[in-house]
Amino acid sequence: MAVTAAQKPKVDKAYVFAWEGVDRRGARVKGDSRATSIAMVRADLRRQGVNPLKVRKKSQLALTAGKRRITTADIAIFSRQLATMMAAGVPLVQSFDIVGRGHDNPSMQNLLLSIKADIESGTAMAAALAKHPDHFDDLVCNLVAAGEAAGVLDVLLDEIATYKEKTESLKGKIKKAMFYPAAVIAVAVGVTVIIMLFVVPQFKALFSSFGADLPAFTLLIIAISDFVREYWWGLLLGFGAAVYSIGKLYQKSRKFRELLDRVVLRIPVLGPILHKAAVARFARTLSTLFAAGVPLVEALDSVAGATGNIVYSQAVNRMREEVAAGQSLQFSMRQRGLFPHMVVQMTAIGEESGALDEMLAKAADFFEEEVDNAVDALSSLLEPMIMVVIGGMVGGLVVAMYLPIFKLAAVV
């Protein structure tokens, strides 16, 4: 029976306190502690042989200074370290204290010490993690809850670290496929704008001094240059407003997100990569949860948010409803029309043999490798295409400016 992360007692909020005191040898010591009250800090210090002289709560400004964002890599490293500590027999609270105080990211340090304070107050680890949904999603909380219930928390923490590392590697491959063309196109657009703003006007002044009739292509480029120079502020504001509006619409409108995710999946070359990535995430997440003993229906609930695409998320939610009604997973997957035949067949074999987690893990390995190969192929394909596009843009501007040169001899 799986334990859900939603069942958690209410505890007082923990704060960070700065303290100064004297140790057993009479030396003055100081440091920071996270607790719910000054009394708890003083009691903890006395247990460690420190006589507290001053204890004060740190201001929010002091806490936020020097902080940096908590990444998925931070969570993966924490899970691995905590698993190692617990496997070595170190108690949970002490493991949190060692890992938290040893972390080089102040934000992560504060997060771990806050969770440690909650656990010391009697909260289960899964419930303590669930209080920080920005860093610990339902999947992590469910795995930790299952580990606590089965007494194999160290094993499942190691599984969480492996899962986070694999999913982060997959995200990195997708970003790699999209970053290179985006960066090159941005540079090309920047060069074009510079030519339009500073180079074309110089040619325009040169041509007007000769009084020659200019080719239509050159006149078009000059007109565009004049428009950009006259209304650059409007174009910049319009672009910023469009990006902001699309971002807000993506956050607030589920229909817009669904539309955008469907369109992205249909983009040639890139779409198949995103399809494979979503399938790999689905298989990896479901395999990890099912291997941990989380019931299939509960596991599918967590998997839906891990696919990275709302189209697949809706499909998994529909599958969850059908599986809860008694339908087999492989039949429900086949009905969706999103999953490759190989994944459906491996799922069917896994259901029949009782090794669903192993078959899904193999499917995830295969599709992660497929994404890696597709990204490499896409990079090789895009390089010449991008060079042609950039050459066409810059070369077109150069040709437009030099076309009138052929008429200058007749004018002179």
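Just so we're clear, the structure is a prediction, and the values are computed from it rather than from any experiment.
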**Q** Which is it for His275 and Val279 under the side-chain contact (heavy atoms from CB on, under 4.5 Å) test, yes or no, and what are the steps along the way?
**A** CA-CA 6 Å; His275 270 292; Val279 171; 5.6 Å; no
**Q** Does Phe256 have more than 12 heavy atoms from other residues, nucleotides or ligands lying within 6.0 Å of its CZ?
**A** yes
**Q** To the nearest 0.5 Å, how far apart are CG in Leu260 and CG in Leu265?
**A** 10.0 Å
**Q** Pair Phe331, Thr347 - check side-chain contact (heavy atoms from CB on, under 4.5 Å), show working.
**A** CA-CA 9 Å; Phe331 183 82; Thr347 302; over 6 Å; no
**Q** Would the distance check show the side chain of Glu370 and the main-chain N or O of Lys276 forming a donor-acceptor pair, the cut-off being under 3.5 Å?
**A** no
**Q** Using a 4.5 Å cut-off on heavy atoms from C-beta on, say whether the side chain of Val41 contacts that of Trp19.
**A** yes
**Q** Does the distance from a Lys or Arg side-chain N to an Asp or Glu carboxylate O, for Lys362 and Asp365, drop under 4.0 Å?
**A** no
**Q** Is a side-chain donor or acceptor of Glu351 paired with a backbone partner of Ser328 at a separation under 3.5 angstrom?
**A** no
**Q** Flag the pair Met342 / Phe366 as yes when at least one side-chain heavy-atom distance between them is below 4.5 Å, and no otherwise.
**A** yes
**Q** Any chance you could measure Arg46, atom CZ, to Asn51, atom CG, to the nearest 0.5 Å?
**A** 7.0 Å
**Q** How long is the straight-line distance from CD1 of Ile77 back to OG1 of Thr71, given to the nearest 0.5 Å?
**A** 7.0 Å
**Q** Quick check: does any side chain N or O of Ser225 sit under 3.5 Å from a backbone N or O of Ile221, one acting as donor and the other as acceptor?
**A** no
**Q** Is it true that a side-chain atom of Thr123 and a backbone atom of Ala128 form a donor plus acceptor pair closer than 3.5 Å?
**A** no
**Q** Would you say the side chain of Gln81 lies within less than 4.5 Å of the side chain of Leu112, judging by non-hydrogen atoms?
**A** no
**Q** Hey, is the main chain of Pro91 close enough, under 3.5 Å, to the side chain of Ser95 for a donor-acceptor pair?
**A** yes
**Q** So, the side chain of Arg336 versus the backbone of Ser332: is there a donor-acceptor pair under 3.5 Å, distance only?
**A** yes
**Q** Any side-chain heavy atom of Leu235 sitting closer than 4.5 Å to one from Phe227?
**A** yes
**Q** Show your working on side-chain contact (heavy atoms from CB on, under 4.5 Å) between Asp261 and Tyr312 and close with a plain yes or no.
**A** CA-CA 9 Å; Asp261 283 357; Tyr312 277 88; over 6 Å; no
**Q** Rounded to the nearest 0.5 Å, what's the gap from CG on Leu92 to CD on Glu120? Could you check?
**A** 10.0 Å
**Q** Assess the residue pair His132 and Ser114 against the criterion (side-chain contact (heavy atoms from CB on, under 4.5 Å)); give the C-alpha distance rounded to whole Å, side-chain angles, the decisive distance to 0.1 Å, and a yes or no.
**A** CA-CA 10 Å; His132 307 276; Ser114 173; 4.0 Å; yes
**Q** Return yes if some donor-acceptor pair links the side-chain N/O of Glu148 with the main-chain N/O of Ala126 below 3.5 Å, else return no.
**A** yes
**Q** Under a 4.5 Å cut-off applied to non-hydrogen side-chain atoms, are Leu53 and Arg28 in contact?
**A** yes
**Q** Is there a side-chain hydrogen bond (donor to acceptor under 3.5 Å, both in side chains) between Arg334 and Gln345 once you walk through the steps?
**A** CA-CA 9 Å; Arg334 187 178 288 112; Gln345 288 301 109; 3.3 Å; yes
**Q** Working to the nearest 0.5 Å, report the span between CD1 of Ile160 and CZ of Phe136.
**A** 9.0 Å
**Q** When you look at Asn317 and Glu321, which way does the side-chain hydrogen bond (donor to acceptor under 3.5 Å, both in side chains) test go after all the steps?
**A** CA-CA 6 Å; Asn317 281 327; Glu321 295 172 0; over 6 Å; no
**Q** Please report the interatomic distance CE(Met85) to CD1(Ile98), rounded to the nearest 0.5 Å.
**A** 4.5 Å
**Q** Any side-chain heavy-atom pair from Val191 and Ile195 closer than 4.5 angstrom?
**A** yes
